[in-house]
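For reference, the structure is listed below as C-alpha cells.
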Amino acid sequence: SPFFDLIRGRQLFQMLTKGSPETEDQAYHGIGGRSARWSLHLVLGITLCSLQPGIPLLMAVSFALRRLAFGYLVVFVECKKGDSGGSLWRVQMLHVHLALAIYIVVMTLVLLEREQSMVPAAIAGSS
C-alpha cells in the first residue's frame, strides 16, 4: 500500500537500532518502481469500476492523498534525480492502454454471464 511506502519502515527500524539508515532500495522505492505500482493501482481501478460503483471514489481519494504526500516528498525530501525524458510516462500510458483492453475483455465476459442474449457481449467485445 502507498501509505506503508511513506513510513519507510525498514529505514526507520535501522535508524532506531543502528543510528543511521541504509540507502533505500531503488528497485522498489525509485521512480520506476513507484510508477509501476501507481499504474497497477490505476489499472485495477479502471478494470473494476463498473463492477463496484464505490471503487472510483476510493481510487480518487487514494490518488489525491498520494499526490499530496509524494508532492511534498519529491520536492523537499528526496534527493534530486535526473530527468528520464518521459520514458516512464510512455510506459505508464502503455499500461493504461492495455488496461482498457483488459476492461473490454472483462466487461464482455460479464455481459456473457449475465445476459440471456449474446448481442450486448458482441457489441462490447467488438469495441
Side-chain angles (χ1 to χ4, degrees):
S1 128
F3 305 107
F4 291 119
D5 291 345
L6 292 175
I7 295 172
R8 308 270 168 102
R10 181 174 165 241
Q11 283 81 15
L12 179 63
F13 179 74
Q14 287 175 352
M15 192 170 101
L16 293 175
T17 58
K18 296 179 183 176
S20 65
E22 294 179 11
T23 59
E24 61 188 17
D25 180 20
Q26 285 299 311
Y28 186 80
H29 290 291
I31 296 172
R34 186 182 309 146
S35 297
R37 284 191 311 279
W38 287 19
S39 293
L40 175 65
H41 292 157
L42 180 64
V43 165
L44 288 173
I46 288 172
T47 305
L48 301 174
C49 69
S50 293
L51 299 176
Q52 180 57 262
I55 288 181
L57 179 63
L58 180 67
M59 295 306 295
V61 169
S62 173
F63 277 108
L65 290 174
R66 287 179 206 192
R67 172 65 178 101
L68 287 173
F70 284 101
Y72 172 79
L73 286 177
V74 168
V75 174
F76 296 110
V77 176
E78 292 185 357
C79 61
K80 302 286 183 199
K81 296 178 176 76
D83 187 14
S84 64
S87 63
L88 296 175
W89 175 257
R90 185 187 62 79
V91 171
Q92 282 180 313
M93 292 302 105
L94 177 65
H95 290 164
V96 172
H97 183 73
L98 291 173
L100 292 175
I102 293 169
Y103 177 76
I104 291 170
V105 170
V106 168
M107 287 300 112
T108 302
L109 293 174
V110 167
L111 288 172
L112 276 173
E113 177 68 28
R114 292 184 181 177
E115 294 293 325
Q116 299 293 331
S117 172
M118 290 183 60
V119 174
I123 293 171
S126 67
S127 62

Results of side chain to side chain contact (heavy atoms under 4.5 Å, CB included) for L109 - residues two or more places apart only: V105, L112
For I123, all residues meeting side chain to side chain contact (heavy atoms under 4.5 Å, CB included), sequence neighbours excluded: V119
Sole residue of I55, L100, V106 in side-chain contact (heavy atoms from CB on, under 4.5 Å) with T47: V106
I102 reachable from I46 in the ILVMFWY side-chain graph, under 4.5 Å edges: yes
S50: partners by side-chain hydrogen bond (donor to acceptor under 3.5 Å, both in side chains), with sequence neighbours left out: Y103
L58 side, atom CG; H41 side, atom NE2 - distance, nearest 0.5 Å: 10.5 Å
Distance-only criterion, 3.5 Å: show the donor-acceptor pairs between side-chain atoms of residues 88-95 and protein atoms not counting sequence neighbours.
{"residue": "Q92", "atom": "NE2", "partner": "S35", "partner atom": "O", "Å": "3.3"}

pair L51-M107: side-chain heavy atoms closer than 4.5 Å: yes
Pairwise side chain to side chain donor-acceptor pair (under 3.5 Å) hits with a residue in residues 104-124, at least two apart: none
Minimum heavy-atom distance F63-W38, with the two atoms named: CZ-O, 3.7 Å
Co-members of L40 in a cluster of I, L, V, M, F, W and Y side chains, linked at under 4.5 Å: L44
